[in-house]
Amino acid sequence: MKPEVVTIGLGYIGLPTSALIASHGTNVLGVDINQKIVDKINQGKIHIVEPDLDQIVSKAVSNGFFKASTAPISAGVYLIVVPTPFKGNHEPDISFVEAATKGVIPLLKKGDLYIIESTSPIGTTEKMQKLIYSLRPELEGHLHIAYCPERVLPGNVMHELVENDRVIGGVDEVSTQKAIAFYAKYVKGELHGTNARTAEMCKLVENSSRDVQIAFANELSLICDKADINVWELINLANKHPRVNILQPGCGVGGHCIAVDPYFIVNDYPMESKIIGTAREVNNYKSFWCAEKIQNEKLQFELKHGRKPKTALMGLAFKPNIDDLRESPAKYIAQKVLQNSNNEEHFIVEPNIDSHSVYKLTDYKEAINKADIVVFLVAHSEFKTLKISQNKNVLDFCGILK
Ligand code: SAJ
């Protein structure tokens with residue numbers, strides 16, 4: 001197969017994006033360093049859980065439009081869709097973007113389009129532009145280089161990839177237009193052109209904005225706990241105001257985007273990003289606070305009943321109705337509670353996964369029946385229909401009983 005598009009990175013965004021492009025009859029070569037992932041995809045199977053993705057991948061592979069490999073080959077368009085984690089001190093780590101770029105540099109030719117989709121600190125696209133031209137000076141001015149972040153919500157990726165508006169920022173106007181023309185073939189949402197730095201910042205700002213708003217809700221939950229006010233009722237009432245829309249408090253903020261991206265701004269602009277930095281602290285503190293509350297509830301139970309309680313920890317995923325445990329505050333809380341445990345019995349519940357390498361999972365109904373203390377960490381749909389008997393002590397951190 002001679003690919004028109006090469007995507008580097010076949011994860012939560014790279015794989016659906018590759019499959020979407022291939023489903024339009026464009027030859028796509030997806031590249032990943034993990035041989036197992038590559039083999040799986042070439043069998044028409046997928047390694048992540050995402051509704052509808054399996055069918056689209058299987059069809060694109062069997063039609064011959066989508067192939068996976070551990071190494072890129074020459075194409076006209078290169079999409080960089082690799083992770084950008086942060087290092088120990090919250091400093092962004094763009095080494096995967098750099099490595100992916102170095103992998104395609106020898107293949108580049110005049111007129112090619114190179115696009116970064118990975119969430120990146122401001123200036124990354126220009127940095128990669130410099131890197132490319134330092135190694136291939138003869139191409140200077142003859143490549144189209146742009147940044148275009150994804151904004152899809154895990155669990156609804158195939159729909160949002162097509163329908164969401166996109167922000168597309170080139171290193172120059174021609175690059176922006178070339179990238180817009182590329183996405184226009186696959187995306188129905190509006191395509192908004194800008195420069196690379198603004199597009200990079202836009203992605204970081206979208207997720208920081210959500211983080212700040214959730215921090216506000218979490219801060220209210222801490223105040224309401226002390227003030228003896230039901231925070232869920234309070235937010236519901238405040239949201240009746242036509243211009244107020246407060247989000248929901250929870251057991252912290254998790255996932256690989258919202259709990260990560262704000263640090264990309266804070267790290268580069270620490271003096272200017274006070275609210276963004278504080279929101280991160282508030283949301284992290286909320287998980288710690290939940291773990292302390294559970295500990296306290298267990299001690300109170302023991303004092304009152306003269307025996308150790310059985311505790312059900314309901315949910316491990318980073319948000320409702322998914323199986324993704326990455327950067328999950330619920331998992332962090334479960335870890336902390338188990339670490340502090342003094343041989344009491346705990347039931348760990350996560351209805352969206354069958355088994356876990358560290359935790360022994362218990363069926364959610366069984367856990368509720370057997371537990372003295374029920375702690376709702378994640379608002380999974382299953383939990384909302386449960387009948388909980390009066391004699392249970394319930395800690396509801398995610399609004400199951402609201
Ligand atoms: N959360 C709350 N309260 C709320 C909403 C969310 O505590 O009211 C928590 C969730 O439980 C979870 C965390 O926030 O722990 C993040 O969940 P999310 O549903 O807000 O977002 P993600 O991480 O699944 O996806 C986000 C989305 N960004 C925005 O909504 C601005 C998505 O559109 C991005 O594409 C994605 O990050 C990404 O890849 O950057």
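Reckoned from all heavy atoms, side chains included, excluding hydrogens, waters and symmetry mates. First listed ligand is number 1; within each ligand, the first listed atom is number 1.
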Within the side chain of [X], is there an N or O that forms a donor-acceptor pair under 3.5 Å with the backbone of [Y]?
X      : Y      : result
Asp165 : Glu190 : yes
Asp112 : Lys109 : yes
Ser118 : Val82  : yes
Glu50  : Asn156 : yes

query: Do any heavy atoms of Gly255 fall under 4.0 Å from ligand 1?
result: no

- request: Provide the closest heavy-atom pair for Cys202 versus Val167 in the form atom of the first, atom of the second, distance.
  value: SG-CG2, 4.0 Å

I'd like to check which ligand 1 atoms, numbered from 1 as shown, lie under 4.0 Å from a non-hydrogen atom of [X].
X      : value
Pro154 : 24 (O), 25 (O)
Lys203 : 34 (C), 35 (O), 38 (C), 39 (O), 40 (O)
Glu150 : 35 (O), 38 (C), 39 (O)
Cys257 : 36 (C), 37 (O), 38 (C), 39 (O), 40 (O)

- prompt: Taking N or O atoms only and a 3.5 Å limit, does Glu206 qualify as a polar contact for ligand 1?
  reply: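 No, since none of the N or O atoms of Glu206 sits under 3.5 Å from an N or O of ligand 1.
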
message: Tell me whether Gly254 has any N or O atom under 3.5 angstrom from an N or O of ligand 1.
response: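 Yes: some nitrogen or oxygen of Gly254 is under 3.5 Å from one in ligand 1.
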
message: For Val152, which part has a heavy atom under 4.0 Å from ligand 1: side chain, backbone, both, or neither?
response: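 Contact part for Val152 vs ligand 1: backbone (N, CA, C, O).
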
field: Option of least heavy-atom distance to atom 5 (C) of ligand 1 (set: His256, Glu160, Arg210, Gln248)
entry: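 Answer by nearest heavy atom: Arg210.
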
Candidates Thr194, Asn195, Thr125 - the one meeting side chain to side chain donor-acceptor pair (under 3.5 Å) with Glu200: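 The option that passes is Thr125.
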
